[in-house]
Amino acid sequence: MNNPFADFKKIIDDTKSAGTTFDYLSNVVKPPYDYSDLLRWQLAQSVSALDKLIHDLVRIGMLEIYQDKRRSTPKYESFTITLGVLKKMKDEPSQELSYIEEQIILTNGYKAFQDPDKISESLSLIWNESQKWDRIASSLGRTAADVKTQLKNIVIRRNQIVHEGDYAGFSSLRDNIDEADVVTTIDFIEKLGKAIYDHVKS
């Protein structure tokens, strides 16, 4: 499972690099121009990187289970394959794995793997561990409650940025966003992604 994490790391690194642009614009071009949307993009993009990582880990892990390369899970065993995909597999057995992957993408593609509960649920397809967040948080030297709370708060802010333009409620003023907070967020997401990957890699 090296590629999913490599992709995740590249997205995180690219996201971090936007901070250099923000610093340059703020310190050289300077206000009255507002460059804070670069920070908002960084925050939203870091969450998207984690979401993509989970999707990729689950997709590849399920294919590995199907090929008997990793241990199955009860959640995996209950995954639904449509009759249409089964027919394709029957008609073209040489493409069996591709059709399984197609089904996984169709089933999971519309789901957002950002909330701690959704992440845990999705990882159950490839990781038969009842205390996932305890294991993950332990790798970070923290409690599960702390890690989940921080992630939830980040996702709430991400959703406010993406769905509401970062205007809280009915306010006509945008919420402030702090560069140091964004750096902390990206660092947390990067460490969280690494911890998850370390636990589920084959």
Side-chain angles (χ1 to χ4, degrees), residues 1-59 108-120 122-123 133 136-137 139-201:
M1 277 199 186
N2 291 327
N3 287 338
F5 185 73
D7 290 345
F8 169 75
K9 190 67 171 64
K10 184 179 186 308
I11 295 171
I12 290 293
D13 288 344
D14 288 345
T15 303
K16 288 179 179 179
S17 70
T20 303
T21 304
F22 175 81
D23 288 338
Y24 173 81
L25 291 172
S26 299
N27 296 317
V28 178
V29 182
K30 298 183 178 181
Y33 304 105
D34 181 8
Y35 308 112
S36 61
D37 277 340
L38 278 170
L39 300 178
R40 293 183 178 88
W41 175 83
Q42 284 184 291
L43 189 149
Q45 184 74 348
S46 66
V47 176
S48 295
L50 180 63
D51 193 334
K52 174 175 166 50
L53 174 66
I54 303 302
H55 273 278
D56 290 346
L57 290 174
V58 168
R59 173 177 53 82
N108 292 339
Y110 71 93
K111 299 176 181 178
F113 297 151
Q114 301 170 0
D115 178 84
D117 291 339
K118 294 296 183 183
I119 290 175
S120 179
S122 64
L123 290 177
W133 282 107
I136 293 166
S139 299
L140 301 173
R142 299 176 58 182
T143 67
D146 284 345
V147 171
K148 290 195 290 184
T149 296
Q150 184 170 357
L151 179 57
K152 286 179 179 179
N153 288 336
I154 290 169
V155 172
I156 287 170
R157 186 65 189 274
R158 177 263 177 198
N159 290 341
Q160 182 177 313
I161 291 169
V162 172
H163 300 297
E164 302 172 13
D166 212 16
Y167 292 89
F170 297 102
S171 173
S172 60
L173 299 175
R174 300 180 91 185
D175 276 356
N176 291 327
I177 187 163
D178 182 76
E179 183 179 11
D181 289 342
V182 172
V183 170
T184 298
T185 292
I186 297 171
D187 180 65
F188 169 76
I189 293 292
E190 182 175 17
K191 290 176 179 176
L192 177 60
K194 177 67 162 57
I196 292 172
Y197 170 74
D198 285 343
H199 280 293
V200 304
K201 66 183 179 182

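Each residue takes its place number in the sequence, starting with 1. Fair warning: this is a prediction, and the values are worked out from it, not measured in the lab.
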>> One pair to check against side-chain contact (heavy atoms from CB on, under 4.5 Å): T21 and L25. What are the steps and the verdict?
In response: CA-CA 6 Å; T21 304; L25 291 172; 3.9 Å; yes
>> Is there a side-chain contact between R40 and V162 in this structure, where contact means two heavy atoms from C-beta onward sitting under 4.5 Å apart?
In response: no
> Between L151 and W133, which heavy-atom pair has the shortest distance, and what is it?
Replying inline: CD2-CH2, 4.0 Å
>> Between F5 and Y197, does the ring-ring contact (aromatic ring centres under 6.0 Å, His included) criterion hold? Intermediate values first, please.
In response: CA-CA 7 Å; F5 185 73; Y197 170 74; 4.9 Å; yes
> Could you state the interatomic distance from CD1 (I11) to NZ (K9), rounded to the nearest 0.5 Å?
Replying inline: 12.0 Å
> Does the side chain of D198 come within less than 4.5 Å of S139's, by heavy atoms?
Replying inline: no
> N27 side chain to D23 main-chain N or O, any donor-acceptor pair under 3.5 Å?
Replying inline: yes
> Going by heavy atoms in the side chains, are R158 and H163 under 4.5 Å from each other?
Replying inline: yes
>> So which atom in P4 and which in L53 form the shortest heavy-atom distance, rounded to 0.1 Å?
In response: O-CD1, 3.6 Å
>> Quick one: does any side-chain atom of S17 pair with a main-chain N or O of D14 as donor and acceptor, under 3.5 Å?
In response: yes
> With a 4.5 Å limit on heavy-atom distance, are the side chains of I177 and D37 in contact?
Replying inline: no
> Roughly how far apart are I119 CD1 and K148 NZ, rounded to 0.5 Å?
Replying inline: 11.0 Å
> Atom CZ of F8 and atom CG of N3: how far apart are they, to the nearest 0.5 Å?
Replying inline: 15.0 Å
>> With a 4.5 Å cut-off on side-chain heavy atoms, are F113 and L123 touching?
In response: no
> Is the number of heavy atoms from other residues, nucleotides or ligands under 6.0 Å of D178 CG greater than 12?
Replying inline: yes
> Heavy atoms, side chains only, cut-off 4.5 Å: are L39 and Q42 in contact?
Replying inline: yes
>> Can you confirm whether K16 is buried at NZ, in the sense that more than 12 heavy atoms of other residues, nucleotides or ligands lie under 6.0 Å from that atom?
In response: yes
>> Quick check: do V182 and F22 have side-chain heavy atoms less than 4.5 Å from each other?
In response: no
>> Please identify which of these residues, I161, I189, T15, meets the side-chain contact (heavy atoms from CB on, under 4.5 Å) condition with L43.
In response: I161
>> Whether K10 and D7 form a salt bridge (side-chain N of Lys/Arg under 4.0 Å from carboxylate O of Asp/Glu) is what I want to check.
In response: no
> Between L50 and G193, what is the shortest heavy-atom contact and its length?
Replying inline: CD1-CA, 4.1 Å
> Do you see a donor-acceptor pair shorter than 3.5 Å between the side chains of S48 and D51?
Replying inline: no
> How close do R142 and Q150 get, heavy atom to heavy atom, and via which atoms?
Replying inline: NH1-OE1, 2.7 Å
>> So K152 and P116, do their side chains get closer than 4.5 Å, heavy atoms only?
In response: yes
> How many angstroms lie between OG in S46 and CD1 in I154, if you round to the nearest 0.5 Å?
Replying inline: 6.5 Å
>> Could you measure the distance from the CD1 atom of I196 to the NZ atom of K191? Nearest 0.5 Å is fine.
In response: 14.5 Å
> Would you call R157 and D166 a salt bridge, using N to O less than 4.0 angstrom?
Replying inline: yes
> How long is the span from the CD1 atom in I54 to the NZ atom in K118, to the nearest 0.5 Å?
Replying inline: 14.0 Å
